[in-house]
Amino acid sequence: MKRVLSIVLLLILLGGLAFYVFYKIYLPEMVATSIVSDEPPADLLPEKVRETIIKTRVEVDKQMEDVPEKLEKLGLTFDDLIHMVEVADADQVKAAITELLSTEIKSEDQVFDIGIKHVKIEGYNLEIFREVFKEKASLKRINKALYRISENDLMTSISVPVARETAKQILIDKRDKVEKLIPK
C-alpha cells in the first residue's frame, strides 16, 4: 500500500513539474517563436491558440513597423528595450494590473500613470514612453485587454512570464531584421 501511495505521489510530483516546465519555459518560447515566425503555429497548441497567434502576428508586425524610429527619438536601442523587458518585475506588473482592474478607466494617461506608479525599472525614466503609449493604446484596446485578463485568472498568473518571453523574442527578431537592413 505504501509503495502504491509513493508511486502516486511521485507521478503527481512529476506531472506538476512537467506542467511547470511546459507553462514557464516551453510555452512562452513556443508562443513567441510562433508569433515572429512565418511558419504556421505548432500543432501541439490548441486551435483557438493557433488562431490567436496568427491574428497577433499580423498586429505585432503592424505595431512594430515604426519601433526603430520611435527608439531613435527616445534615445534608446533595441537592447535597452530588451533589457527593460527582462528586468521588469512580474509582481509589479501584476500590482498594476490589479489596480487597473479595480479602477474605472477614463483615459490613456490614467492607465499610463497607474503603470509607472507600480512598475519601476532601474536606470530608466519610463515617463519617456507616455506619448508613444498614448499614440498606440486606445481606451477600447485597453478595456478589451482588461476584460480578457479579468475573465481568466489562470492566464493572468502565467501571462506575465509568457508576455515577457514573447515580447523579448519579438524585439530580438525585429532588432535582427533591422540590423540586416543597415549597411555595415
Side-chain angles (χ1 to χ4, degrees), residues 20-38 41-42 45 49 52-101 108-109 111-138 141-142 144-146 148-149 152 154-182:
Y20 176 84
V21 167
F22 181 77
Y23 277 102
K24 295 288 185 177
I25 298 169
Y26 190 65
L27 179 64
E29 186 178 309
M30 187 186 325
V31 169
T33 301
S34 293
I35 289 173
V36 299
S37 169
D38 293 331
L45 296 170
V49 173
T52 301
I53 286 171
I54 291 168
K55 289 177 188 172
T56 302
R57 183 183 295 160
V58 171
E59 182 64 25
V60 164
D61 286 344
K62 181 178 160 191
Q63 293 295 324
M64 291 296 291
E65 285 176 359
D66 62 352
V67 168
E69 298 98 49
K70 301 266 187 224
L71 287 174
E72 189 174 329
K73 284 181 184 176
L74 296 173
L76 298 171
T77 66
F78 273 102
D79 289 334
D80 290 325
L81 212 48
I82 291 165
H83 174 72
M84 288 181 210
V85 168
E86 287 176 333
V87 301
D89 183 272
D91 291 333
Q92 292 177 355
V93 172
K94 287 177 187 175
I97 291 169
T98 299
E99 184 171 343
L100 288 168
L101 289 171
E108 292 86 356
D109 277 316
V111 173
F112 190 84
D113 289 339
I114 291 170
I116 63 172
K117 174 177 138 185
H118 292 282
V119 180
K120 309 290 184 206
I121 299 181
E122 190 175 329
Y124 295 95
N125 175 8
L126 299 181
E127 185 65 38
I128 66 172
F129 292 104
R130 182 179 296 274
E131 291 308 313
V132 174
F133 177 81
K134 288 169 50 177
E135 182 183 310
K136 296 285 185 182
S138 68
R141 290 175 76 184
I142 292 166
K144 185 176 179 180
L146 290 173
R148 285 184 178 163
I149 290 169
N152 194 333
L154 173 63
M155 283 310 292
T156 302
S157 66
I158 66 168
S159 65
V160 173
V162 171
R164 171 182 290 146
E165 289 305 312
T166 302
K168 187 174 149 187
Q169 187 65 42
I170 289 167
L171 289 168
I172 289 168
D173 183 68
K174 183 66 174 178
R175 177 194 65 195
D176 293 347
K177 285 179 182 175
V178 167
E179 287 177 352
K180 285 180 184 174
L181 297 175
I182 298 171

Flag yes if more than 12 heavy atoms outside Glu72 fall under 6.0 Å of its CD atom; otherwise flag no.
no
Whether Asp173 side chain and Ile170 backbone form a donor-acceptor pair below 3.5 Å:
no
Validation row: Ile116, Phe129 side chains within 4.5 angstrom (heavy atoms)
no
Rounded to the nearest 0.5 Å, how far apart are CG of Asn125 and CG of Leu74?
10.5 Å
Minimum heavy-atom separation for Asp109 and Lys134, please, with both atom names.
OD1-CD, 3.1 Å
Specify the closest pair of heavy atoms between Ala95 and His118, including all atoms of both residues, with the distance to one decimal.
CB-ND1, 3.6 Å
Within this structure, what is the CG-CG distance for the pair Leu81 and Leu171, rounded to the nearest 0.5 Å?
5.0 Å
If you look at every heavy atom in Gln92 and Val119, which pair is closest and at what distance?
OE1-CA, 3.5 Å
Considering all heavy atoms of both residues, which atom of Ile142 and which atom of Phe133 are nearest to each other, and what is their separation?
CD1-CZ, 4.1 Å
Of the non-hydrogen atoms in Met84 and Ile121, which two are nearest, and what is the gap between them?
O-CD1, 3.5 Å
Does a side-chain N-to-carboxylate-O contact under 4.0 Å join Asp66 and Lys136?
yes
Assess whether side chain to side chain contact (heavy atoms under 4.5 Å, CB included) is satisfied between Lys120 and Leu126, documenting all intermediate values.
CA-CA 8 Å; Lys120 309 290 184 206; Leu126 299 181; over 6 Å; no
Side chain to side chain contact (heavy atoms under 4.5 Å, CB included) between Leu76 and Ile128: does it pass, once the steps are laid out?
CA-CA 10 Å; Leu76 298 171; Ile128 66 172; 3.7 Å; yes
Measuring from atom CG of Asp89 to atom CD of Glu122, what distance do you get when rounded to the nearest 0.5 angstrom?
12.5 Å
Report yes if the side chains of Val111 and Ile114 come closer than 4.5 Å at any heavy-atom pair, otherwise no.
no
To check you understand the geometry: which heavy-atom pair defines the closest contact between Gly115 and Ala96, and what is its length?
CA-CB, 4.3 Å
